[in-house]
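To keep things clear, I will list the structure first and then write my remarks on it.
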Amino acid sequence: MRISRKMEHVHYALELGQTRQQGLADIKLVHNCLPETSTDHIALTTTIGDLIMSSPILINAMTGGAHETESINRELAILAREKGLPMAVGSQMSAIKNSEVVSSYQVVRRENPNGMIFANLGSEATTEQALRAIDMIEANALQIHLNVMQELIMPEGDRSFVGMLDRIENIVRHAPVPVILKEVGFGISSDNAKQLRNIGVQVIDVGGSGGTNFAAIENARRPSELAWLNDWGTPTSMTLLEVLSVYPWGSVIASGGITNALEAAKALTLGASAVGMAGAFLKVLREDGVDALHAYAEELHQGLILIMTALGANSIQDLTQCPVVIVGDTAEWCRARGIDLTSYAERRNQSK
């Protein structure tokens, strides 16, 4: 029997790994030798739009839509419940078209009845489909994912993207929960961010390149590769700064190749109020098992507490007062794009 497309994506995501070229090495945190705080004073609570989350680490959209993926979503949902992490499911369009795979998404709510769970659909979705996706898992928010290049490389993918903004605007107007616009790994520019802001989108997940490479994954599925597109996209550090030039704190999720507490702290210090991780969680679960997955999440939390203590930041929002120097390709990109970096380096730590 032919493997489902959903499991093909899981297979290639693990086989190809993450590119690790997300640009966060260009972000230099300025050491604070007088932090005047304690690990006991650190709070990891954060805000995304109108949602208050107990952790800034989001288990980002991965999978669902096939019987084989239900066990993955079950283990991730248990992790989210035990560690207080928000979690997004993968695209629910397959369940809207085929009720037989609804369980692969609903398992997340069954395992985590009181958790923060995000529904997910592509920009081709209608408002009626969006409402069904939200109801399916009693979602607290809805991700609309943007994946133009993935679709273009995908042999069976979409070729027309006419009307995307109108459909998104309609969903934003009628959804009973916050709508998050998420790229899948190619980034969002400041111009695109302004377009989304103008139609009422309150939260952006930048989804920069540097993590799971959906161009490479779809090329691996093609009979003839378009390998010259495998480097397409804007690295996470650059797209994050692009979007932060448009959206304020509390409105931006950083994602794309983030795998450890230091990288997460860098993104949060730049101004993201949450960090999405998908490929890193999937790799640990599939290669090292459930116990290692829970240990990894705990390591992320403890690492963030350690770094925040060292910087003198008692809260996630306090991190945005800590000075950070941006160098290398990220700085060159921002200069070319007219994004001012001076204010980041000239921040003055508020610890006493």
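Taking every heavy atom of both residues into account, Thr46 and Ser273 meet most closely at OG1-O, 2.6 Å. For Ser255 against Thr236, the heavy-atom pair with the smallest separation is O-OG1, 3.3 Å. Between Pro56 and Leu304 the shortest heavy-atom distance is CG-CD1, 3.8 Å.
In terms of hydrophobic clustering, with Ile, Leu, Val, Met, Phe, Trp and Tyr side chains grouped at heavy-atom distances under 4.5 Å, Val252 and Ile52 are assigned to different clusters.
A donor-acceptor contact closer than 3.5 angstrom is absent between the side chains of His145 and Ser91. Gln321 and Asp318 share no side-chain donor-acceptor pair at under 3.5 Å. A donor-acceptor pair shorter than 3.5 Å cannot be found between the side chains of Glu111 and Asn73. Side-chain atoms of Asp340 and Thr342 include a donor-acceptor pair closer than 3.5 Å.
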Worksheet item: Between Glu298 and Lys83, is a salt bridge (charged side-chain N to carboxylate O under 4.0 Å, His left out) present by the stated rule, with each step listed?
Response: CA-CA 7 Å; Glu298 183 63 23; Lys83 299 299 181 183; 3.3 Å; yes
Worksheet item: Which is it for Gln143 and Asn60 under the side chain to side chain donor-acceptor pair (under 3.5 Å) test, yes or no, and what are the steps along the way?
Response: CA-CA 10 Å; Gln143 285 183 339; Asn60 224 344; 2.9 Å; yes
Item to complete: Walk me through it: do Thr212 and Met62 pass the test side chain to side chain contact (heavy atoms under 4.5 Å, CB included)?
Response: CA-CA 10 Å; Thr212 301; Met62 263 181 269; over 6 Å; no
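Ion pairing between Glu70 and Arg74 holds under the 4.0 Å rule for side-chain N and carboxylate O. The pair Arg221-Glu218 meets the salt-bridge criterion, with a side-chain N (NZ, NE, NH1 or NH2) lying under 4.0 Å from an Asp/Glu carboxylate O.
Counting heavy atoms from C-beta outward, Ile72 and Arg286 have side chains that approach closer than 4.5 Å. Glu124 is listed as a side-chain neighbour of Met93, based on a closest heavy-atom distance under 4.5 Å. Using a 4.5 Å heavy-atom threshold, the side chains of Ile253 and Ile204 count as separate. By the 4.5 Å heavy-atom criterion applied to side chains, Glu183 and Asp205 are not counted as neighbours. In this structure the side chain of Thr127 never reaches within 4.5 angstrom of the side chain of Arg173, judged on heavy atoms. In this structure, the side chains of Asp26 and Trp333 stay at 4.5 Å or more apart for every pair of heavy atoms.
Shown here is Asp291, whose CG atom has no more than 12 heavy atoms of other residues, nucleotides or ligands within 6.0 Å.
Phe281 meets the ring pair (Phe, Tyr, Trp, His ring centres under 6.0 Å) test with Tyr296; sequence neighbours excluded.
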